There are 4 protein chains.
Amino acid sequence: MDPDERRAAILAAARRVFVRKGYHRAGVADIVQEVGVARGTFYRYFEGKREVFAAVLGGVMDEVVGVVRPIDVTRPIPEQIRANLDRLVRAVTDEDVVRVLFAEAQGIDDEGDAALRDFYGAALGRIEAALRTGQALGVVRAGDTRLLARCLLGLIKEPVVQAALFGESLDAAGLVDEITAVLAGGIVKI
Amino acid sequence: MDPDERRAAILAAARRVFVRKGYHRAGVADIVQEVGVARGTFYRYFEGKREVFAAVLGGVMDEVVGVVRPIDVTRPIPEQIRANLDRLVRAVTDEDVVRVLFAEAQGIDDEGDAALRDFYGAALGRIEAALRTGQALGVVRAGDTRLLARCLLGLIKEPVVQAALFGESLDAAGLVDEITAVLAGGIVKI
Amino acid sequence: MDPDERRAAILAAARRVFVRKGYHRAGVADIVQEVGVARGTFYRYFEGKREVFAAVLGGVMDEVVGVVRPIDVTRPIPEQIRANLDRLVRAVTDEDVVRVLFAEAQGIDDEGDAALRDFYGAALGRIEAALRTGQALGVVRAGDTRLLARCLLGLIKEPVVQAALFGESLDAAGLVDEITAVLAGGIVKI
Amino acid sequence: MDPDERRAAILAAARRVFVRKGYHRAGVADIVQEVGVARGTFYRYFEGKREVFAAVLGGVMDEVVGVVRPIDVTRPIPEQIRANLDRLVRAVTDEDVVRVLFAEAQGIDDEGDAALRDFYGAALGRIEAALRTGQALGVVRAGDTRLLARCLLGLIKEPVVQAALFGESLDAAGLVDEITAVLAGGIVKI
DNA sequence: CATGAATGAGCTTTCATTCAT
DNA sequence: TATGAATGAAAGCTCATTCAT
């Protein structure tokens, strides 16, 4: 088997195992059994359990980060916002994202937290850039874009996390509608 | 030392340790060293590491759950909403809450997840009740209150979690203002 | 409560606990709970778990040793032998004897083994003396009385131990008959 | 080292340790030190302390059970009885048998007791079968063969156990002679 | 390059015993 | 004298990692 293929196979197996059992309950034994290689082989492709988790995390991050696209001002803006939101919700609704990225990643070690910071930095950076563009175009109200970006992330992430916690399946379209409504007009009349 | 005091001292020490090191990296050894008692003493007061974490978690939960108060319709509503929001943000901005409740609690074991579900169930139940009352009074727009409650939770929680992740101190008043603005008028014009 | 009474109460409780749970599974906690005194009190009356077991063992031994009586040559011998045998079988059929003396005593520590040696030394000494007397009187056949005494002990002890191991109740009279028959005429024609 | 060899080496070391210290005083640490492997290695070959003791016990049992052979009625019977007895006495005179099987096995846990019951069930079954055959052939007197089998076991086992308890070496031939004499003609004239 | 047996530090937990009250 | 909270050594066991084959 080609080294790259083998590495990919181990990585995929590790992802399945981490999703299934969570970082701490998963063992290297589970991963090597899942992929069908010897323990030693695993250590030829990854430095250890933490490193393979970081790689899994990176893959999941890429999948999520990629869906948020910059606003193209030469094209109609509202539908781009809507499309971005739609893709983001669908991306983070994925079970792997919820388990690996939202539920298990924090607190494993300092490197893991750094990776998480990188991810959220990148994701929030894109969101923030979109908000700034919107402000410049007059479609986003004034305000602290950093905070707004985090609020927006929470608006999307939390319903997904809670649904996972309670074992409910999530209606992505309904969630997009609800978030859109909140974005458009808030919740309360104060 | 009075047994209740001692139990409280161990609990407080455990909380400090869990906040500092996280559940998995913390050991009973750390806790007993922190409080300055023998290993055996710890086991006189708690059944084990999981149980003491559950107790810490319960304490943190109580601190948070208690601040969300039902809306009193006989009194001006907007300021009650604002006050609830203000208390909630301040409560969850506490480092212990962020570390123990938001970052470490999930995925430890089934009992821990059940405790977390109970907590979020209670907290979201209160938020949802407030939203329903608001809808009945015409101050909250129509919509799926369950989803809205979770969105609202995310709106509050995520900026706090992110600030903690990036080691930033958080301006609670600023966050309350921003959230209030989102609640009142959303973010974008779509 | 009178000190002697209290000591006796603790001893009796310890015996019940050792019979019920066996030496290793029994804890000092079980004993003090059984008798209803504090842990510290226990240690005022006995040096520790081993010592109280030794005391229990001694009591059980006394009950067994006492039943074997020297043969009185001025009275009919066969019925004295039969009476001794009868009493011995009935004595060792007692559950406490089986559990404490036959099943749990050996291997706890060197002192325990010494106590056991003392007991068996005394018991076998009496049996051997009886055999020697019998030889002198011509009612016991010639042979190594030490070995014979041990064989005789095994003849009695083993059926009792096996019955306990298999959870059967034992018909003492039937056992006495069988042993008597073996003593009188052996088992096989060789 | 070959896995089977290693397993055998650990088993043999465990046997030596159990014989030397007894089940409860022996620790996994003693065993791994005795054989010169790491703690973890031990757990690759055995599930734990109880399981390795069970394996030791099984080995000892096999050594003993195997020596009692059914009587072949087409060949002279008395010498077969004598030969069986001789082998049995020599087998159980082994120090390991006395320590592991007779002194330490009972009361460790329910599984251990079950194993012991199996062993004694098998051993006594063979003895009883031999006795029944003897009765049919008219060389064994009438009587409850179950009780007789247990008496016979005691006749053999007890002198061995006592000799071990008192640290005496045992003259197997002398014991066989004495037991043979008891079997043939009993002890007393009643 | 692949293997998997071996490693050993580290974990949680137990319980006989002590001693200040 | 009675108490029972405190003690801490020691136990069995796990698992990420290494390395000789």
Side-chain angles (χ1 to χ4, degrees), chain A residues 1-3 6 10 23-33 36-53, chain B residues 1-7 10 24-33 35-52, chain C residues 1-3 6 10 23-33 36-53, chain D residues 1-7 10 24-33 35-52:
Chain A
M1 192 183 237
D2 181 69
R6 174 142 286 175
I10 294 173
Y23 178 80
H24 287 103
R25 277 183 290 236
V28 174
D30 298 309
I31 298 170
V32 299
Q33 192 193 339
V37 300
R39 277 173 121 76
T41 306
F42 171 84
Y43 284 90
R44 292 197 58 77
Y45 290 90
F46 295 95
E47 282 176 25
K49 183 183 170 185
R50 284 201 311 248
E51 207 235 18
V52 80
F53 182 77
Chain B
M1 192 185 240
D2 181 69
D4 289 347
E5 280 180 58
R6 175 136 286 172
R7 192 191 143 94
I10 294 172
H24 287 103
R25 276 180 297 221
V28 174
D30 298 308
I31 297 170
V32 299
Q33 192 192 339
V35 74
V37 299
R39 262 178 148 66
T41 306
F42 171 85
Y43 284 93
R44 284 192 60 74
Y45 290 93
F46 296 96
E47 281 175 26
K49 184 184 166 183
R50 280 209 311 252
E51 208 236 19
V52 79
Chain C
M1 195 185 233
D2 181 69
R6 174 143 285 175
I10 294 172
Y23 178 81
H24 287 102
R25 277 184 291 237
V28 174
D30 298 309
I31 298 171
V32 298
Q33 191 192 339
V37 299
R39 277 173 119 78
T41 307
F42 171 84
Y43 284 91
R44 293 196 58 78
Y45 289 91
F46 295 95
E47 282 175 25
K49 183 182 169 185
R50 285 203 310 248
E51 207 234 20
V52 79
F53 182 77
Chain D
M1 192 185 240
D2 182 68
D4 288 348
E5 280 180 57
R6 176 135 285 172
R7 193 191 143 93
I10 294 173
H24 287 102
R25 274 179 299 219
V28 174
D30 298 309
I31 297 170
V32 298
Q33 193 191 340
V35 74
V37 298
R39 260 181 152 64
T41 306
F42 171 83
Y43 286 93
R44 283 191 60 75
Y45 291 92
F46 296 96
E47 281 175 25
K49 184 183 167 184
R50 281 208 311 251
E51 208 235 18
V52 78

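All chains are named by letter (A, B, ...) in the order of the sequence lines, taking the proteins before the strands, and each is independently numbered beginning at 1. This structure is a prediction, so every number in the text was calculated from the model and none was measured.
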Give [X] one of three labels, base, sugar-phosphate or nothing, depending on what nucleic acid heavy atoms sit under 4.0 Å from its own.
{"X": "B:Val37", "value": "sugar-phosphate"}
{"X": "D:Arg25", "value": "nothing"}
{"X": "A:Arg6", "value": "sugar-phosphate"}

[X] [atom1] - [N] [atom2] separation (whole Å):
{"X": "C:Phe42", "N": "E:dC15", "atom1": "CZ", "atom2": "C1'", "result": "13 Å"}
{"X": "D:Gln33", "N": "E:dT7", "atom1": "CD", "atom2": "P", "result": "14 Å"}
{"X": "C:Tyr43", "N": "E:dA20", "atom1": "OH", "atom2": "C1'", "result": "17 Å"}
{"X": "D:Glu47", "N": "F:dT14", "atom1": "CD", "atom2": "C1'", "result": "14 Å"}
{"X": "B:Met1", "N": "E:dC19", "atom1": "CE", "atom2": "P", "result": "21 Å"}
{"X": "C:His24", "N": "E:dA16", "atom1": "NE2", "atom2": "P", "result": "10 Å"}
{"X": "C:Phe46", "N": "E:dA16", "atom1": "CZ", "atom2": "C1'", "result": "16 Å"}
{"X": "B:Lys49", "N": "E:dG10", "atom1": "NZ", "atom2": "P", "result": "15 Å"}

Among [options], the one nearest [X] by side-chain distance:
{"X": "C:Ala38", "options": "E:dT12, E:dA5, F:dG4", "value": "F:dG4"}
{"X": "D:Tyr45", "options": "E:dA6, F:dA2, F:dG12", "value": "E:dA6"}
{"X": "C:Arg44", "options": "E:dA16, F:dA2, E:dA5", "value": "F:dA2"}

For D:Thr41 and A:Gly40, take the nucleotide of DNA chain E holding the closest heavy atom to each; which residue's nucleotide lies nearer the 5' end?
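Nearer the 5' end of the strand: A:Gly40.
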Given DNA chain E, 5'-ward residue of the pair B:Ala26 and D:Asp2, judged by closest heavy atom =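 It is D:Asp2 whose nearest nucleotide is closer to the 5' end.
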Q) Rounded to the nearest 0.5 Å, how far does CD of D:Gln33 lie from CG of D:Asp30? A)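 Between D:Asp30 CG and D:Gln33 CD, I get 7.0 Å after rounding to 0.5 Å.
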**Prompt:** What orientation do C:His24 and D:His24 show, parallel under 30°, tilted 30 to 60°, or perpendicular over 60°?
**Reply:**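 Ring orientation of C:His24 relative to D:His24: parallel.
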Ignoring hydrogens and geometry, is there a side-chain-to-backbone donor-acceptor pair from D:Arg7 to D:Tyr45 under 3.5 Å?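 Checking the backbone N and O of D:Tyr45 against the side chain of D:Arg7, a donor-acceptor pair under 3.5 Å is found.
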Q.
For the residue pair C:Lys49 and C:Tyr23, would you count it as a cation-pi contact if the rule is NZ or CZ under 6.0 angstrom from the ring centre and within 45 degrees of the ring axis?
A.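 Checked: cation-pi criterion met.
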For C:Glu51, look at atom CD and say whether over 12 heavy atoms of other residues, nucleotides or ligands are found less than 6.0 Å away.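 Result for CD/C:Glu51: enclosed.
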Under 3.5 Å, is there an N or O donor on one side and an acceptor on the other linking the side chain of C:Arg39 and the base of E:dT17?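 Such a pair is found, so the answer is yes.
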query = Mapping D:Arg50 and A:Ala29 to their closest nucleotides on DNA chain F, which lands nearer the 5' end?
reply =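 It is D:Arg50, whose closest nucleotide lies nearer the 5' terminus.
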Checking base pairs now: Watson-Crick or wobble, both atom distances under 3.5 Å. What partners E:dA2?
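F:dT21 is the nucleotide pairing with E:dA2.
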